[in-house]
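Read the structure below first, then the notes.
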Amino acid sequence: MTTHTELPSMRESLLDVAGKKIFVAETGGGPPVLLLHGGGPGASGVSNYQRNIAELAKEYRVIVPDLPGYGRSTKGIDLTDPFGSLADAIRGLLDALGLDKAHMVGNSYGGACALRLALDTPDRVDRMVLMGPGGIGTTRALPTPGLNSLLNYYSGDGPSRPKLEKFIRNYLVFNAADVPDSVVDARYRDSVDPEVVAAPPLRRPKSLRALWKMDFTRDARLSRLPVPTLVLWGAADQVNRSSGGRMLAERMPNCDLYEVANTGHWVQFERAVLFNRLCADFLAGRR
């Protein structure tokens, strides 16, 4: 049975970024790396990277924000350009932390945030690791059942624990037994925060223009992006299709692709030992 290192003690702060509050937890020393979490109901930074923080902190200054709309950060984002809104907030966070640039690690929604930040301001991103990022080929195929489950969480009869558990166990991971009930419980509690219910941060695009803007494979800048990038994608991802990894590798000039067998959408959680090693080595330029 795989064992996972306990979370270290972390310094917590609530930073002002363009009039909004961004919650940040950090630990470790060395080159700064931001861990950007996914956009599923009840997601937050530390919970999404609970199996990675301690290992990465042995070599890096690990900075884990709650993205706008999630956790302890201010709720609400610009839904006409959600990836741009998230990227602007994280760029502002770099400024608030006094960082000219940093490594970016992003899963799903956080991966889309990191990629948009790199496209808009490549000088602010050192190296980048993306795990099943959002916005890859989204105008080229219908949404997956897993993505529909995620997007429908707040609609219909509204949020519920069974609804969230179905998304996590049936779609988020390859092996449902790998997710403790405590993770589902914690995410459900956060997902029904009245402020989140009133303004869910991840929703279906409201226009074709917004949808087009949310597909990075339509962005000509992708083929010129100089940032060294490692893409990790679960071969059994049921939220964002693993074919997105090949789309990125074919378009980005400095992109390595690693497809992970018997793994779903949550590579950093499901295959933590492998992820921690690949991520640490890639960010250090050892591979």
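Fair warning: this is a prediction, and the values are worked out from it, not measured in the lab. Values below: every heavy atom of this structure, side chains too, minus hydrogens, waters and symmetry copies.
- The local environment of NZ in K101 is crowded, with over 12 non-hydrogen atoms from other residues, nucleotides or ligands closer than 6.0 Å.
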Kindly determine whether R218 and T139 satisfy side chain to side chain donor-acceptor pair (under 3.5 Å), including the steps that lead there.
CA-CA 9 Å; R218 305 289 185 182; T139 62; 2.8 Å; yes
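- Between G137 and D215, the closest heavy-atom pair is N-OD1, 2.9 Å.
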Between R72 and D193, does a salt bridge (charged side-chain N to carboxylate O under 4.0 Å, His left out) hold up when you go through it step by step?
CA-CA 10 Å; R72 285 183 261 181; D193 179 318; over 6 Å; no
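- Scanning all heavy atoms of the two residues, the minimum distance from T27 to P8 falls at CG2-CG, 3.9 Å.
- To the nearest 0.5 angstrom, S155 atom OG is 7.0 Å from R204 atom CZ.
- A salt bridge links E59 and R286; the closest N-O separation between the charged side-chain nitrogens and carboxylate oxygens is under 4.0 Å.
- Between the S149 side chain and the P145 main chain, no donor and acceptor come within less than 3.5 Å of each other.
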What's the verdict on salt bridge (charged side-chain N to carboxylate O under 4.0 Å, His left out) for K20 and D88, showing C-alpha distance, side-chain angles and the deciding distance?
CA-CA 12 Å; K20 294 185 177 183; D88 289 346; over 6 Å; no
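- In this structure, L94 and R124 have side chains that are in contact, with non-hydrogen atoms separated by less than 4.5 Å.
- Atom OG1 of residue T263 and atom CZ of residue F275 lie 12.5 Å apart, to the nearest 0.5 angstrom.
- The shortest distance between side-chain heavy atoms of V105 and M128 does not fall below 4.5 Å.
- Proximity of a side-chain donor or acceptor of E55 to a complementary backbone N or O of N52 within less than 3.5 Å is not detected.
- Separating the CD1 atom in I63 from the CE atom in M104 is a distance of 8.5 Å, to the nearest 0.5 Å.
- Between V173 and H265, the closest side-chain pair of non-hydrogen atoms is not below 4.5 Å.
- A donor atom on one side chain and an acceptor atom on the other are found under 3.5 Å apart for T217 and R140.
- Residue L164 holds its CG atom at 9.5 Å from CG of D185, rounded to the nearest 0.5 Å.
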Test M131 against V231 for side-chain contact (heavy atoms from CB on, under 4.5 Å), laying out the working first.
CA-CA 6 Å; M131 301 87 76; V231 174; over 6 Å; no
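- Side-chain contact between D66 and I22 is absent, with no heavy-atom pair separated by less than 4.5 Å.
- Between P159 and V197, the closest heavy-atom pair is CG-CG2, 4.5 Å.
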Report the C-alpha distance between N240 and S108 in whole Å, list the side-chain angles of each, state the deciding distance to 0.1 Å, and finish with yes or no for side-chain contact (heavy atoms from CB on, under 4.5 Å).
CA-CA 8 Å; N240 292 333; S108 196; 3.8 Å; yes
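- In this structure, R116 forms no cation-pi arrangement with F83, as its terminal cationic atom is not both closer than 6.0 Å to the ring centre and no more than 45° off the ring axis.
- The environment of D100 atom CG is sparse: at most 12 non-hydrogen atoms of other residues, nucleotides or ligands sit within 6.0 angstrom.
- Note on V33: it does not cluster hydrophobically with F23, by side-chain heavy-atom contacts below 4.5 Å among ILVMFWY residues.
- The minimum heavy-atom distance linking G134 with A112 is given by the pair O-CB, 3.6 Å.
- A salt bridge links K163 to D157: one of the charged nitrogens lies within less than 4.0 Å of a carboxylate oxygen.
- Side chains of V64 and I53 form a contact here, defined as non-hydrogen atoms less than 4.5 Å apart.
- Counting non-hydrogen atoms of other residues, nucleotides and ligands closer than 6.0 Å to CZ of R221 gives a total above 12.
- Two residues are said to be in side-chain contact when any heavy atoms from C-beta on lie closer than 4.5 Å; P201 and V196 meet this criterion.
- For the pair R127 and F282, the cation-pi test (distance below 6.0 Å, angle within 45°) is passed.
- Checked by atom type and distance alone, the side chain of R61 never pairs as donor or acceptor with a backbone atom of G29 at under 3.5 Å.
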With ring-ring contact (aromatic ring centres under 6.0 Å, His included) as the test, would you mind laying out the steps for H37 and Y70 before giving the verdict?
CA-CA 10 Å; H37 65 81; Y70 293 88; 5.1 Å; yes
Could you go through I136 and L115, starting from their C-alpha distance and side-chain angles, then the distance that decides it, and tell me whether this counts as side-chain contact (heavy atoms from CB on, under 4.5 Å)?
CA-CA 10 Å; I136 311 301; L115 186 51; 4.1 Å; yes
Can you check side chain to side chain donor-acceptor pair (under 3.5 Å) on D78 and T80, steps first, answer last?
CA-CA 5 Å; D78 179 4; T80 65; 2.6 Å; yes
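- Residues L150 and P41 meet the side-chain proximity criterion, which asks for heavy atoms closer than 4.5 Å.
- In this structure, CZ on R271 lies 7.0 Å from OH on Y258, to the nearest 0.5 angstrom.
- A salt bridge links R51 and D178; the closest N-O separation between the charged side-chain nitrogens and carboxylate oxygens is under 4.0 Å.
- Not one N or O on the side chain of R169 forms a donor-acceptor pair closer than 3.5 Å with the backbone of E165.
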Taking it one step at a time, do T144 and R241 satisfy side chain to side chain donor-acceptor pair (under 3.5 Å)?
CA-CA 8 Å; T144 63; R241 292 180 178 87; 5.7 Å; no
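- Ring orientation note: the planes of W266 and F269 are close to parallel, at an angle under 30° on the 30°/60° scale.
- Under the 4.5 Å side-chain heavy-atom criterion for Ile, Leu, Val, Met, Phe, Trp and Tyr, V179 and F174 are members of distinct hydrophobic clusters.
- The two residues P226 and N254 come nearest to each other via the heavy atoms O-ND2, 3.1 Å.
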Given the rule in the side-chain contact (heavy atoms from CB on, under 4.5 Å) test, do V24 and L93 qualify, once you have shown the distances and angles that lead to the verdict?
CA-CA 9 Å; V24 176; L93 178 61; 3.6 Å; yes
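- Between L232 and Q268 there is no side-chain heavy-atom pair separated by less than 4.5 Å.
- V239 and F167 make their closest contact through CG2-CE1, 4.1 Å (heavy atoms, listed as atom of the first residue, atom of the second, distance).
- Follow the hydrophobic side-chain contacts under 4.5 Å out from V184 and you reach Y154 in the same cluster.
- Under the 4.5 Å side-chain contact rule for hydrophobic residues, L211 and L147 do not share a cluster.
- Here K213 pairs with D81 in a salt bridge; the nearest charged N to carboxylate O distance falls below 4.0 Å.
- Looking at S191, its side chain does come within 3.5 Å of a backbone N or O of Y188 through a donor-acceptor pair.
- The pair E259-R246 does not count as a salt bridge, with every side-chain nitrogen at least 4.0 angstrom from each carboxylate oxygen.
- Between the CG atom in L248 and the OG1 atom in T229 there is a gap of 8.5 Å [rounded to 0.5 Å].
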